Amino acid sequence: SLSDRLQQALRKVTGRGSLTETDIETMMREVRLSLLEADVNYKVVKDFTNEVKAKALGERVLKSITPGQQVVKIVFEELKQVMGDEAEGLRFKAQGTTIFMLVGLNGHGKTTHAGKLALYCRRKYNKNPLLVAADVYRPAAIDQLVTIGKQLGIPTFEMGTSYKPEEIVKKALDYAKENKHDLVIIDTAGRFHVNEELMEELKRLKEIAQPDEILLTVDAMTGQDAVNVSQSFHDQLNVTGVILTKLDGDTRGGAALSIRRVTGVPIKFMGLGEKLDQLEIFHPERMASRILG
Amino acid sequence: FESYDKINDELFDELEEIFIMADIGVNTVLELMDQIKSDVRIRNVSSMKEFQSIIIDKIFSIYVKDEIVDTNLNLNDNGLTVILFVGVNGVGKTTSIGKIAYKLKNEGKKVMLAAGDTFRAGAIDQLKIWAERVGCPCITKEPGSDPASVMYEAIQEAKKQNIDVLLCDTAGRLQTKVNLMKELEKVHRVISREVPNAPHETLLVIDATTGQNGMNQAKAFTEATKVTGIVLTKLDGTAKGGIVLAIRNELGTPIKFVTMGEKITDLEYFDIEQYIYGLFS
Ligand SMILES: Nc1nc2c(ncn2[C@@H]2O[C@H](COP(=O)(O)OP(=O)(O)OP(=O)(O)O)[C@@H](O)[C@H]2O)c(=O)[nH]1
Ligand SMILES: Nc1nc2c(ncn2[C@@H]2O[C@H](COP(=O)(O)OP(=O)(O)OP(=O)(O)O)[C@@H](O)[C@H]2O)c(=O)[nH]1
Ligand SMILES: [Mg+2]
Ligand SMILES: [Mg+2]
């Protein structure tokens with residue numbers, strides 16, 4: 001943990017009275033290494049550590065009898081600040097049909113979280129959700145979502161794989177209106193931010209659906225690339241929220257800090273398992289202590 | 001490197017940044033940087049060309065580790081070969097099985113797939129579609145069946161049909177889930193009991209976007225099933241998957257395949273020179 005590393009680094013220093021700026025620099029190196037091991041982006045680590053250093057000097061860590069502990073406390077406070085306060089809630093329309101669209105890289109958890117969101121919104125907000133299977137590329141993707149819908153007793157709108165996603169979304173919106181669904185959750189195919197053709201498709205889907213939420217689904221074990229991915233998706237689509245998935249593992253999840261820091265997009269939910277009820281509202285303080293390790 | 005005309009601290013910093021951003025991992029990067037810097041100092045290097053060759057050389061030696069690196073699959077010359085695919089959720093196991101089966105079939109092998117993911121929605125259907133694309137049989141049981149029983153039946157059928165290579169799909173699982181890792185150990189045991197020396201390959205599938213957790217994955221899966229090689233997927237993004245170098249450095253696990261797309265042909269045998277080139281492009 002960071003406090004152990006700092007204790008180690010300071011062992012050679014104690015007994016000298018107060019610390020020097022070099023000692024602070026030694027501690028900052030440990031902070032940097034710890035954050036890099038937690039998968040926080042390299043550039044974010046640099047800026048963040050500089051802010052911690054300024055605080056450390058400002059808060060008279062030099063004269064403290066427990067400098068290591070004090071630095072850990074400063075890092076924790078700074079992490080919490082970046083993570084933001086209480087999670088921002090979902091945006092629902094006051095009247096009419098609310099539209100959510102899930103986007104993100106292949107295999108990061110969109111289809112599973114489309115199901116989780118549907119269940120969550122039905123239970124917590126008494127919504128009547130409609131799932132929309134707009135992934136016509138991945139083998140059995142429609143099967144997967146239909147099966148999830150059946151498990152939840154929530155209908156899934158699908159037209160098979162021989163129609164384009166644009167057509168499916170258009171028809172789904174009509175269907176939702178006719179059948180009084182006040183919430184439509186669109187599952188899209190996984191894609192890279194650098195795949196121009198597929199990103200253009202996503203922009204067309206956004207144009208057609210006019211979503212109230214565009215939720216970027218990101219695997220919590222994503223490394224340095226988290227910044228590239230989130231920034232590019234945000235620049236191209238104006239993402240309204242992030243769902244951080246697979247947090248039931250032991251990854252420290254530094255991607256959360258990077259995404260929040262670089263794009264400012266709020267992380268709204270945490271995925272904590274494969275079951276459809278394993279979804280929780282994002283806890284900034286819990287995330288901060290997890291990254292701290 | 002064209003923008004630099006001499007080797008200075010700035011250049012070393014930029015190089016370190018490239019390595020970290022490639023997810024190679026702090027310890028391995030520090031080790032690499034030490035070796036590069038000391039070589040530059042000892043050999044009194046001043047030319048960019050020589051500097052480049054030192055970098056390539058050092059990465060190459062981490063990868064080669066003074067042994068013959070066998071990126072070929074360990075295939076059984078007289079009998080059934082069994083390949084087990086393992087890894088955490090969503091990394092590309094099922095898709096990679098389709099691609100590798102296709103490649104082996106084109107190399108003249110008779111292949112068969114085993115749908116060992118009996119848990120996730122749509123998993124069995126997904127593998128069946130890949131089997132159709134490859135043009136090979138796929139052994140399945142009802143959702144919820146014991147994965148070990150799927151492997152058992154697939155092995156019996158593979159022997160009957162004189163199959164050369166049986167590729168076994170498993171459900172994704174996070175390495176921290178003790179009961180799921182126990183299930184995987186059982187699958188491994190059943191396979192090794194039914195075919196001598198099997199599984200001949202246990203391939204750990206790793207997503208190139210994965211950060212340092214890839215090392216935890218490699219350690220845990222190796223402990224549960226003796227991983228013999230890595231399939232590095234999704235290299236068609238912007239991530240470099242550098243954690244596989246750290247895994248190679250620490251555990252000795254070789255990388256056997258890389259995939260770069262969703263098409264059946266988007267698969268190549270791992271080539272360290274191409275990989276190093278990709279780090280800097
Ligand atoms: N342990 C765990 N597994 C998860 C979580 N979310 C999703 N998964 C698993 O991750 C894998 C991929 O999930 P999907 O929902 O298929 O991902 P996707 O983004 O829709 O994938 P593509 O459509 O191929 O891009 C599946 O095995 C899911 O069960 C989570 O929070 N925890
Ligand atoms: N772009 C790209 N997508 C890939 C690659 N390999 C796999 N995928 C995609 O990643 C997603 C997940 O692939 P799967 O094969 O279902 O992954 P898995 O490991 O079997 O997932 P689980 O069984 O749920 O654990 C799918 O959308 C695949 O098409 C690749 O090299 N490039
Ligand atoms: Mg999906
Ligand atoms: Mg699979």
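Just so you know, these numbers come straight off a predicted model, no measurement behind them. Numbers restart at 1 for each chain; the letters A, B, ... are given by sequence-line order, proteins then strands.
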Heavy-atom pairs under 4.5 Å with chain A: which of [options] has the most?
options                        : answer
B:T233, B:T95, B:T209, B:L127  : B:T209
B:G237, B:G122, B:A208, B:G242 : B:G237
B:N89, B:V26, B:N216           : B:N89

So which part of [X] gets closer than 4.5 Å to some heavy atom of chain A, the side chain, the backbone, both or neither?
X      : value
B:L30  : side chain
B:K177 : side chain
B:E17  : both
B:N27  : side chain

> Under 4.5 Å between any side-chain heavy atoms of B:R133 and A:P139, yes or no?
Replying inline: yes
Toward chain B, the part of [X] with a non-hydrogen atom under 4.5 Å:
X      : value
A:L105 : side chain
A:N195 : neither
A:N228 : side chain
A:E37  : both

With a 3.5 Å cut-off and no angle check, do the side chains of [X] and [Y] form a donor-acceptor pair?
X      : Y      : answer
B:T259 : B:D266 : no
B:Q175 : B:N213 : yes
A:R252 : A:S34  : yes

>> Would A:V265 and A:L216 count as a side-chain contact (heavy atoms from CB on, under 4.5 Å) here? Give the steps.
In response: CA-CA 10 Å; A:V265 177; A:L216 178 66; over 6 Å; no
> Which is it for A:E197 and A:R191 under the salt bridge (Lys or Arg N to Asp or Glu O under 4.0 Å) test, yes or no, and what are the steps along the way?
Replying inline: CA-CA 10 Å; A:E197 203 178 321; A:R191 70 203 67 211; over 6 Å; no
> Yes or no on side-chain contact (heavy atoms from CB on, under 4.5 Å) for A:R122 and A:I154, after CA distance, side-chain angles and deciding distance?
Replying inline: CA-CA 9 Å; A:R122 186 179 65 189; A:I154 291 176; 3.4 Å; yes
> In terms of ring plane angle, is the pair B:Y63 and B:F270 parallel, tilted or perpendicular, where the classes change at 30° and 60°?
Replying inline: tilted
>> Less than 6.0 angstrom from the centroid, inside 45 degrees of the normal: does A:K116 satisfy that with respect to the ring of A:F269?
In response: no
> If you count heavy-atom pairs under 4.5 Å with chain B, which of A:T147, A:D143, A:V194, A:N106 comes out on top?
Replying inline: A:N106
> Most heavy-atom pairs under 4.5 angstrom with chain B, which of A:T222, A:T111, A:V227, A:I142?
Replying inline: A:T222
